[in-house]
Amino acid sequence: MSARKRRSISYARIYSIIRRIPRGRVATYGQVARLAGIPGHARQVGYALHALTDGSPVPWHRVVNARGGVSRRATPGAELEQRLRLEAEGVRFDARAQVPLARFQWKTGRRGLRRARPLR
DNA sequence: GCAATGACGCTCT
DNA sequence: CAGAGCGCCATTG
């Protein structure tokens, strides 16, 4: 069989997925990667997001890590901004500063969520 | 055209 | 439970 064609993953593709995250919901990096057609490449999603600039139409704040937490960023305070933006949309954080994915993770059609299991 | 630059996720020790 | 290692790749100057 032919080798699996690795679609070139452009950041633009990732951004377009993130743009579809509904308000009041969050998606994980890994989830976005799967939806973008690159399962297992959550990191690329993180890279893409970092390359993002202010004023982007991309709701970057709706992307959280696999634990529902906000990833550490280079600019302190930005993490807080992300949290505030989410809370403003109705997303709540638990005592561990994490979003209960069971409640707020964006549920896509069938490809997206299949991995709703306890994280470690 | 090359080198540097990053916002993760999972497994194993 | 915590820490460390590994895989992975597009975009920019």
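When reading the values below, keep in mind they use all heavy atoms of this one structure, side chains included, and skip hydrogens, waters and symmetry mates. Order of the sequence lines sets the chain letters (A, B, ...), proteins ahead of strands, with each chain counted from 1.
If you take CD1 of A:Ile38 and C1' of C:dC8, they are 9 Å apart, rounded to a whole angstrom. Across the protein-nucleic acid pair, A:Leu52 atom CG and B:dC8 atom P stand 14 Å apart, rounded to whole Å. Computed from coordinates, the A:Gln105 CD to B:dG9 C1' distance equals 14 Å when rounded to whole Å. Atom C1' of nucleotide B:dG6 and atom CH2 of A:Trp60 are separated by 16 Å, given to the nearest angstrom. Protein atom CD of A:Gln44 is 4 Å distant from nucleotide atom C1' of C:dC9, rounded to whole Å. A:Arg72 has its CZ atom 12 Å from the P atom of C:dG3, to the nearest Å. In this structure, A:Arg67 atom CZ and B:dC10 atom C1' are separated by 11 Å, rounded to whole Å. Note: CG (A:Leu101) to C1' (B:dG9) measures 13 Å, nearest angstrom.
Scanning all heavy atoms of the two residues, the minimum distance from A:Pro22 to A:Arg62 falls at O-CD, 3.6 Å. Shortest non-hydrogen contact noted between A:Ala36 and A:Ile14 is CB-CG1, 4.5 Å. Between A:Leu35 and A:Ile17, the shortest heavy-atom distance links the atoms O-CD1, 3.6 Å.
A donor-acceptor contact shorter than 3.5 Å is absent between the side chain of A:Gln31 and the backbone of A:Ala42.
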Short N/O separations, protein against nucleotides 11-13 of chain C, under 3.5 angstrom:
| unit_1 | atom_1 | unit_2 | atom_2 | d |
| --- | --- | --- | --- | --- |
| C:dT11 | OP1 | A:Tyr11 | N | 3.2 |

Please write out each protein N/O paired with an N/O of nucleotides 2-5 of chain B under 3.5 Å, distance rounded to 0.1 Å.
none

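Contact of the A:Gln44 side chain with the A:Tyr29 side chain is not registered, since no non-hydrogen atoms from C-beta on lie closer than 4.5 Å.
Under the side chain to side chain donor-acceptor pair (under 3.5 Å) criterion, A:Glu87 pairs with A:Arg83, not counting sequence neighbours.
Screening A:Val70, A:Ile21, A:Thr28 against A:Val63 for a side-chain contact (heavy atoms from CB on, under 4.5 Å) leaves a single residue, A:Ile21.
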- [ ] Take A:Arg43 and A:Tyr47 through the test side chain to side chain donor-acceptor pair (under 3.5 Å) and record every step on the way to the result.
- [x] CA-CA 6 Å; A:Arg43 202 160 197 186; A:Tyr47 294 158; 2.8 Å; yes

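The pair A:Glu89-A:Arg25 does not count as a salt bridge, with every side-chain nitrogen at least 4.0 angstrom from each carboxylate oxygen.
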